[in-house]
Amino acid sequence: MPKLILPDGKVLTVEPGSRIIDYVPRGKGLVAKVDGRLVDLSSEVPEGASEIKVLDFNSPEGRETYWHTSSHILAQAVKRLFPRAKLGIGPAIEEGFFYEFDMEGRSFTPDDLQRIEDEMRRIIKEDLLIIRKEVSRQEAIELFSKMGEVYKVELLQEMQEPVVSLYQQGEFVDLCRGPHLPSTGYVKHIKVLYSSSSYWKGDERNPVMQRVYGISFPEKEMLDQYLKRREEAKKRDHRVVGPQLDLFSMPSEVIGPGLVIWHPKGARIRRIIEDFLVRVHLKWGYELIYSPHIAYTNLWKISGHLNYYREFMYVFEKDGIEHAVKPMNCPFHILVYKSKKRSYRELPLRFFELGTVYRFERSGVLHGLLRARGFTQDDAHIFTTPEKLEEEISKVIELDEYLMKSFGFDEFKVEISTWDPNHPEEYMGSEEDWHRAQSALEEALKKRGYSYEVMEGEAAFYGPKIDVKLVDSIGREWQLSTIQLDFNLPKRFNVTYVDADGSEKTAVMIHRALLGSIERFFGILLEHYAGNFPLWLAPIQVRVLPVSERHLAKAQEVLNELVRKGVRADLDVESGTLGYRIRESELQKIPLTLIIGDKEVSSGTVSVRQKGKGNLGSMTLEEFLKRYWEEMLPPDQRSEVLS
RNA sequence: GCCCCGGUAGCUCAGCUGGUCAGAGCGCCGCCUUGGUAAGGCGGAGGUCGCGGGUUCGAAUCCCGCCCGGGGCUCCA
């Protein structure tokens, strides 16, 4: 007899041929997995089934089904309001769902979206049964042709399957693989978020579709929380906060899109980050190098980049020779390596550069600091022998972990991109190279205790890679570090070393950028902390604030002492009430404010106010410095660091 | 690049069915206030309404082109 496991872990024995939903109290399950196959809750227990798992919103499949059904409700609502809308596709996405429509040149207004949302609520209230039907492909083509759903017909014509499934809820029928919730009433709290245009099948030669995005949850609180998080993310937007705190600007109308100007305070933070990176890399056995910003395009002809990268490069001609601004640093690092004959004894060699590169990204993908045209990579290339590869990867991961934790990120997600073993001909390098490299990556991660996901077939043609995503303070994921093996460039540039037996061998090359780009990382950091940088990164660590002009001299004295000790401090010389100036200090997100008035002058103390914590009372300047000194230093310069 | 939306003072935005439509708040400057832990009061300066062209007696407002920004552009029956 098949057994059925409810989301709460309860196990029931069930009868084949009976409906799964009959064993599941309403609200306790959304979709079922029969021996690993996802099916509708309203389907029957198949003959020969052994295990049926009922899934709820806590499972990825449960959420996906929930959102997928939500997208059908969205489509039904749009069809009711705009009968001439033609259906495109409507999947669940990572968070939420969308459905796209051909609106005959019309686009949705905010008012339309509200009406759609209201209609969706009505459909949910109607609690329409969702019925699966299987028909022949031909039958389906006829049905959708009759309905004028040309896109559905197109999809059907591209399909191979002789039988397809339809899902019907009330008057609405859609071509869909499913599974779906049992009825529209299973969806509880929905919100239409925004609309945008896109192309049918993502191809700009195809008709324009109008996409409507939405989200839904079983609990009101979940929806509220989601909306609050979106709101919070919007408030943290680095493109708003950055200029607000006077850190940087991007006056694109004057200098062009995708380029950054670093203002004094932003430049300070950047310099602190860069100095920290340089010290740490030197400590970890890297050599610091510099390379030029331009070179003959021929250099990238050798590297092979020019062929498929040319449209992203800034190319210009001088003296009849074509030059390019560098879109990457790799070739230069290789040239450093090749400047002399290398012995296996000196490997691994690690070259590090804060390399500023320019890439002509398509205008539509630019996004503040996160996707710019000019940016600086924390780029390194490691040349090693195959024997030392795994240990070297392990070291890189350890360094990555140290850096991320130093910047306040504790949660990571790791992916390994491997080749597609069915198409080895699409990749550079031998099968042996790939197996050794991929297992080196996996072993290194395992040793460091990381769980990871293997993305088969996702590797570049030139080698497998590790990508590290981190999770920020409001739960968003960011792809940052990348550690890539390269079998291609060492061959193209003939990167070799002399081995112990006197033979010349090709070195293994690792590209790695851990922060990715300083600009992008800075943007993420800014959003992660919502501008409240930790003390060691804060552009102004301490503001000295005299209560009145009488106390200015004393305040100046305190400031001088702080500056002499190397603390980044400034003096508030504004007029206005004390309350106003404290507010100003808070809004500027200055971590520490020292207030100096009559009491402090006479007792020789300072009144300490910490951002977010308020008034901490009075203490001597020495006590204050002792208390915060360590925190003001970069992580590698604190006394608890032993290495 | 393509589609949709947008560009008004340093910032956030109102005005936009053509005619006191050059406005508000914040910020800035000045004066008064010298204040004890997140907004004291009064006054003032500040704008080629993104740029160029067109329609009109008249354009921030309507039309066209360009520049720049925002949201998207298979996670996919």
Side-chain angles (χ1 to χ4, degrees), chain A residues 64 67-68 71-72 87-100 103 105-110 137 140 144 149 151-161 164-167 174-178 193-213 237 239-240 243-244 246 249-258 311 360-368 545-552 574-588 593-600 607-618:
Chain A
E64 196 186 326
W67 287 330
H68 194 178
S71 86
H72 277 216
L87 300 175
I89 56 166
I93 53 177
E94 216 167 86
E95 250 191 339
F97 56 91
F98 69 76
Y99 213 108
E100 63 181 22
M103 296 298 290
R106 189 182 186 286
S107 60
F108 292 110
T109 65
R137 197 155 61 91
F144 285 107
E149 295 292 358
Y151 298 98
K152 295 292 175 189
V153 173
E154 183 181 329
L155 290 170
L156 279 160
Q157 278 162 347
E158 285 165 5
M159 282 160 52
Q160 308 293 327
E161 296 87 335
V164 300
S165 56
L166 307 179
Y167 277 82
D174 199 359
L175 170 70
C176 187
R177 184 182 290 145
L193 296 170
Y194 56 91
S195 64
S196 76
S197 62
S198 60
Y199 298 94
W200 173 237
K201 292 180 175 168
D203 189 329
E204 60 198 49
R205 288 164 305 193
N206 284 340
V208 175
M209 311 292 282
Q210 298 298 322
R211 262 187 200 185
V212 180
Y213 288 79
D237 192 325
R239 292 166 301 179
V240 178
Q244 222 167 45
D246 199 13
S249 60
M250 302 180 80
S252 46
E253 60 286 1
V254 192
I255 62 175
E311 57 172 320
F360 190 75
E361 299 284 355
R362 285 147 59 102
S363 63
V365 304
L366 298 175
H367 187 87
L545 200 157
V547 170
S548 78
E549 279 167 25
R550 270 204 318 283
H551 314 104
L552 201 56
E574 298 279 307
S575 66
T577 60
L578 185 63
Y580 178 84
R581 288 177 293 143
I582 285 170
R583 179 166 189 270
E584 212 34 45
S585 182
E586 289 275 344
L587 290 178
Q588 284 297 308
T593 306
L594 299 183
I595 294 158
I596 294 168
D598 287 339
K599 280 183 258 171
E600 289 73 28
S607 173
V608 179
R609 184 188 164 88
Q610 189 175 349
K611 166 123 183 52
K613 289 194 178 159
N615 189 359
L616 301 183
S618 292

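The figures that follow rest on heavy atoms only: side chains count, while hydrogens, waters and symmetry mates do not. In the text below, chain A, chain B and the rest are named by the order of the sequence lines, each starting its count at 1.
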Report task. Could you state the atom-to-atom distance from CZ of Arg581(A) to P of rU34(B) in whole Å? Result ->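 Whole-Å distance recorded here is 13 Å.
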
Query raised in the report: Once the angle between the rings of Tyr194(A) and Tyr213(A) is folded into 0 to 90°, is it parallel (under 30°), tilted (30 to 60°) or perpendicular (over 60°)?
Result: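 If you compare the ring of Tyr194(A) with that of Tyr213(A), the planes turn out parallel.
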
Measuring to OP1 and OP2 of [N], would you say a side-chain N or O of [X] lies under 4.0 angstrom away?
| X | N | answer |
| --- | --- | --- |
| Tyr580(A) | rG27(B) | yes |
| Tyr213(A) | rC75(B) | no |
| Ser197(A) | rC73(B) | no |
| His367(A) | rG71(B) | yes |
| Arg239(A) | rG69(B) | no |

Query raised in the report: Does any donor atom in the side chain of Tyr99(A) or Asp174(A) lie under 3.5 Å from an acceptor atom in the other side chain?
Result: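 A pair is found: one side chain offers a donor N or O, the other an acceptor, under 3.5 Å apart.
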
**Report entry** Exercise: do Trp200(A) and Glu154(A) side chains pair donor with acceptor under 3.5 Å
**Finding:**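 A donor-acceptor contact under 3.5 Å links the two side chains.
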
Please classify the nucleic acid contact of [X] as base, sugar-phosphate, or nothing, using heavy-atom distances under 4.0 Å.
| X | result |
| --- | --- |
| Ser165(A) | base |
| Gly614(A) | nothing |
| Val164(A) | base |
| Thr577(A) | base |
| Leu545(A) | nothing |

Query raised in the report: In whole Å, what separates the C1' atom of rG27(B) from that of rU20(B)?
Result: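 Nearest-Å result for rG27(B) against rU20(B) at atom C1': 28 Å.
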
Query - Spacing of the P atoms in rC66(B) and rA59(B) (rounded, Å) - result: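 Nearest-Å result for rA59(B) against rC66(B) at atom P: 24 Å.
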
Query raised in the report: Within the modelled atom types, does a donor on one side and an acceptor on the other bring the side chain of Glu600(A) and the base of rG36(B) under 3.5 Å apart?
Result: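 Under the 3.5 Å cut-off, the side chain and the base do form a donor-acceptor pair.
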
**Report entry** Which residues share a side-chain contact (heavy atoms from CB on, under 4.5 Å) with Val164(A), sequence neighbours left out
**Finding:**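 In terms of side-chain contact (heavy atoms from CB on, under 4.5 Å), with neighbours along the sequence ignored, Val164(A) is linked to Val135(A), Arg137(A), Ala140(A), Leu156(A), Met159(A), Leu175(A).
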
